[in-house]
Amino acid sequence: MSILASIQATAAAIADTTATMAIATTDTIALPQGADATAAAADLSVWQLCVEGGLVMIPLALLALVAIYVFFERAIAIRRAAHEDKSFMQRIKDYIIDGELESARRLCAQTATPYARLIDKGISRIGRPMNDVLVAIENTGNIEVARLGKGLPWLATTAAGAPMIGFLGTVMGMVEAFYNLASAGSSANIDVLAGGIYEALVTTVAGLVVGIIALFAYNYLVARINGIMNVLEAKTMEFMDLLNEPS
């Protein structure tokens, strides 16, 4: 019994020594690796993340460029259309009272705004029934609003489609990450899975960023167009009241 006890005590001492050496070795190796990982994470740029996203980042980049172009192009066009001459309707009224319809139409052409084109269409229908004049003005207003909204479907499509494309890229990346993990077999480790997952999540982040920007841009432009529509309605009513005034 004493010999067996001595053997067990010796084996326990060797096991403790081995465990202590393993812990010390792990700590010694883990610290530089942690430092290297921190340094690598600090050096990781936005461009590197985009590259890690894979081919799915290409359609997202194209959608982002289209959305930016449409936003600035429409914002400039809407800003020009929103310009309002406070004395315009008074001058139109003076021309119509004086019977100078051609001068009134020239003023509309010089003003070159959506409401001026509405008034020009109404002046061209003077002498016809009032309902015909109103219908002509409303049809012109619909055309002007549609012209202002040109390109907005691209923004709406980007706002809805970009996040979906990002999710698609993430799912594809996750499938690839788990495939690599399964292919590694017994040599698989957490680094194989973690690397694939963070690369896959890049597309989700990119898709959400592009979609959110496009959504805010779309809503902003729609609000500006709605403001112009209110101006068109006000000018139309003012013009119809002018025609209905007693001579």
Side-chain angles (χ1 to χ4, degrees), residues 40-85 111-118 121 138-179 194-236:
D43 294 336
L44 191 62
S45 64
V46 176
W47 172 251
Q48 289 174 331
L49 284 175
C50 293
V51 172
E52 295 291 346
L55 295 177
V56 178
M57 298 297 291
I58 296 177
L60 289 176
L62 293 177
L63 286 176
L65 292 176
V66 171
I68 292 172
Y69 170 78
V70 170
F71 172 74
F72 283 104
E73 190 272 335
R74 284 295 87 196
I76 294 173
I78 291 172
R79 181 179 180 182
R80 292 174 179 172
H83 176 72
E84 186 175 357
D85 185 358
T111 305
T113 57
Y115 67 81
R117 286 188 281 271
L118 260 67
K121 178 62 69 173
E138 289 178 348
N139 291 337
T140 303
N142 293 334
I143 294 174
E144 292 294 333
V145 172
R147 185 180 300 170
L148 290 174
K150 181 182 66 175
L152 292 189
W154 279 103
L155 284 178
T157 301
T158 301
M164 300 302 295
I165 294 176
F167 292 149
L168 175 62
T170 295
V171 172
M172 294 171 58
M174 294 291 288
V175 170
E176 182 179 358
F178 281 104
Y179 175 78
I197 291 176
Y198 99 81
E199 292 174 7
L201 291 177
V202 170
T203 59
T204 296
V205 175
L208 289 174
V209 169
V210 174
I212 290 172
I213 293 175
L215 178 63
F216 278 94
Y218 174 81
N219 288 332
Y220 171 78
L221 294 179
V222 168
R224 293 295 304 274
I225 292 176
N226 289 337
I228 294 177
M229 289 175 60
N230 294 334
V231 173
L232 295 181
E233 292 176 359
K235 298 295 183 183
T236 298

Item to check | Chi angles and distances behind the side chain to side chain contact (heavy atoms under 4.5 Å, CB included) call for Ile165, Leu63 | outcome: CA-CA 10 Å; Ile165 294 176; Leu63 286 176; 3.8 Å; yes
Checklist entry - Closest approach of Gly211 and Ala162, non-hydrogen atoms and distance? => result N-CB, 3.9 Å
Item to check | Salt bridge flag under 4.0 Å for residues Glu84 and Lys235 | outcome: yes
Next on the checklist: Working to the nearest 0.5 angstrom, can you tell me the gap between Glu144 CD and Asn142 CG?
Outcome noted: 10.0 Å
Item to check | Any donor-acceptor pair under 3.5 Å from Thr170 side chain to Thr203 backbone | outcome: no
Item to check | Distance-minimising heavy-atom pair for Thr158 and Ala214 | outcome: CG2-CB, 3.7 Å
Checklist entry - Between Arg74 (side chain) and Leu148 (backbone), is there a donor-acceptor pair under 3.5 Å? => result yes
Checklist outcome for this item: Between Thr113 and Ala81 the two heavy atoms that sit nearest each other are CB-O, 4.4 Å
Checklist entry - For Tyr115 and Asp85, what are the C-alpha separation, side-chain angles and deciding distance, and is it a side chain to side chain contact (heavy atoms under 4.5 Å, CB included)? => result CA-CA 10 Å; Tyr115 67 81; Asp85 185 358; 3.8 Å; yes
Checklist entry - Measuring from Ile225:CD1 to Tyr220:OH, what's the distance to the nearest 0.5 Å? => result 11.0 Å
Item to check | Nearest non-hydrogen partners of Gly207 and Leu60, listed with the distance | outcome: N-CD1, 3.8 Å
Checklist entry - For Ala116 and Thr111, which heavy atoms make the closest approach, and how far apart are they? => result CB-CB, 3.8 Å
Next on the checklist: To the closest 0.5 Å, what do you measure between CD1 (Ile213) and CD1 (Ile68)?
Outcome noted: 7.0 Å
Checklist entry - How long is the span from the CG atom in Leu168 to the OG1 atom in Thr204, to the nearest 0.5 Å? => result 9.5 Å
Item to check | Arg147 side, atom CZ; Arg117 side, atom CZ - distance, nearest 0.5 Å | outcome: 5.5 Å
Next on the checklist: Once rounded to the nearest 0.5 Å, what's the spacing between atom CE of Met229 and atom CG of Asn226?
Outcome noted: 6.0 Å
Checklist entry - If every non-hydrogen atom of Arg224 is compared with every non-hydrogen atom of Ile78, which pair is closest and at what distance? => result CB-CG2, 3.6 Å
